[in-house]
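The structure that follows is given in the form of structure tokens.
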Amino acid sequence: MSDWVTFDCYGTLADWLGGMRNALTPHVGAEDAERLLHAYHDLEADVEAQDPAPAYRTVLTETLRRAAEREGIELPPGSETALVDHWHELPIFDDVGPALSQLRENGWSLAILSNCDDDLLATTLERMPVPFDLTVTAEQVGSYKPAAGHWEAFAQRTEGERGRWVHTAQSWFHDIKPASELGLPRVWIDRLDSGEDASLATVRLTDLRRLPQAVEQASASAGAS
């Protein structure tokens, strides 16, 4: 019987925002890169919500195209795939190694539930300082969070062998809100100080430095409720 901490990857463990800013700036400059990222954030969920769900590399390219169109920014030829092309360069946050290593020492198994393609996630996993025991991707389940497919797939794959389960993520929209609706104990890594409703999180942190303690606290709170 294994106790599990499941993670969203991008924004939580890997610096999506910083990495994508670095990918776009050489093509459009720093100011327009920032505008594109804000627009991308607004538009991505609509692209992901298509049925059937497109591959994530398609989501990255199409959402960037729509963001540029909305903002009136002309993308230089060949830069439409910049987010895909530079995916393998996304930095891992400095606090990931110590936090995940301590979780492992404390006996937790680790999994990633990611809105990503398998091959794109693999380029990030190979640079992680700590290995993961299980990964569930949008490619595998055919849908994107906040839909429940990732959590349902994880539950099925660990059925009968799963003890405690805590979900940890940065995205309030994609992870914390749906995990709350599913009744999972959840640690919100609010790195961007987003201002969203913190009452939906079991524990709120702004980085991973206290994650091992927060996971225990969230698990205990769930057990007491």
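Nothing fancy with the numbering, it's 1 onward along the sequence.
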4.5 Å side-chain heavy-atom contact, D193 and T206: no
Flag if over 12 foreign heavy atoms under 6.0 Å of CD, E74: no
Cluster check L100, W188: I/L/V/M/F/W/Y, side chain < 4.5 angstrom: no
Expected output: side-chain T137 to main-chain Q140 donor-acceptor under 3.5 Å: yes
Contact check, side chains of C116 and W87, non-hydrogen atoms, under 4.5 Å: yes
R65 and E62: CA distance, side-chain angles, deciding distance, salt bridge (Lys or Arg N to Asp or Glu O under 4.0 Å) verdict: CA-CA 5 Å; R65 185 196 67 77; E62 174 61 16; 2.7 Å; yes
Within 6.0 angstrom of D94 CG, more than 12 heavy atoms from elsewhere: no
Check: R191 and L208 side chains under 4.5 Å, non-hydrogen atoms: yes
Any donor-acceptor pair under 3.5 Å from K145 side chain to L113 backbone: yes
Exam field: side chain D117 to backbone A55, donor-acceptor pair closer than 3.5 Å: no
Flag side-chain contact, heavy atom, 4.5 Å: L192 against Q170: yes
Aromatic plane relationship, F7 with F132 - under 30° parallel, 30 to 60° tilted, over 60° perpendicular: perpendicular
Geometric class of the W16/Y40 ring pair [parallel <30°, tilted 30-60°, perpendicular >60°]: tilted
H88, NE2 atom: more than 12 neighbouring heavy atoms under 6.0 Å: yes
Check: R21 main-chain N/O paired with T25 side-chain donor or acceptor under 3.5 Å: yes
Test salt bridge (Lys or Arg N to Asp or Glu O under 4.0 Å) applied to D46 and R66, step by step: CA-CA 11 Å; D46 289 339; R66 294 187 188 186; 5.7 Å; no
Results of ring pair (Phe, Tyr, Trp, His ring centres under 6.0 Å) for F93 - residues two or more places apart only: none
Verdict with supporting geometry, R157 and D133, salt bridge (Lys or Arg N to Asp or Glu O under 4.0 Å): CA-CA 12 Å; R157 294 179 193 181; D133 302 288; over 6 Å; no
Main-chain N/O of A138 paired with H150 side-chain donor or acceptor, under 3.5 Å: yes
S221 side chain to Q217 backbone, donor-acceptor under 3.5 Å: yes
Short side-chain to backbone donor-acceptor contact, R186 and L200, under 3.5 Å: yes
Residues E216 and W108: side-chain donor-acceptor under 3.5 angstrom: yes
R204 backbone acceptor or donor facing D190 side chain under 3.5 Å: no
Between H86 and N22, a side-chain donor and acceptor under 3.5 Å: no
Side-chain heavy atoms of D175 within contact of W151, under 4.5 Å: yes
Min side-chain heavy-atom separation R164-P185 under 4.5 Å: no
Side-chain donor/acceptor of D95 to backbone N/O of R209, under 3.5 Å: no
Nearest heavy atoms of I92 and P129, plus distance in Å: CG2-CD, 4.1 Å
Under-4.0 Å salt bridge between E31 and R35: no
Expected output: side-chain Q156 to main-chain A153 donor-acceptor under 3.5 Å: no
Side chain proximity check, E139 to L121, heavy atoms < 4.5 angstrom: no
Heavy-atom side-chain contact between Y56 and E48 under 4.5 Å: yes
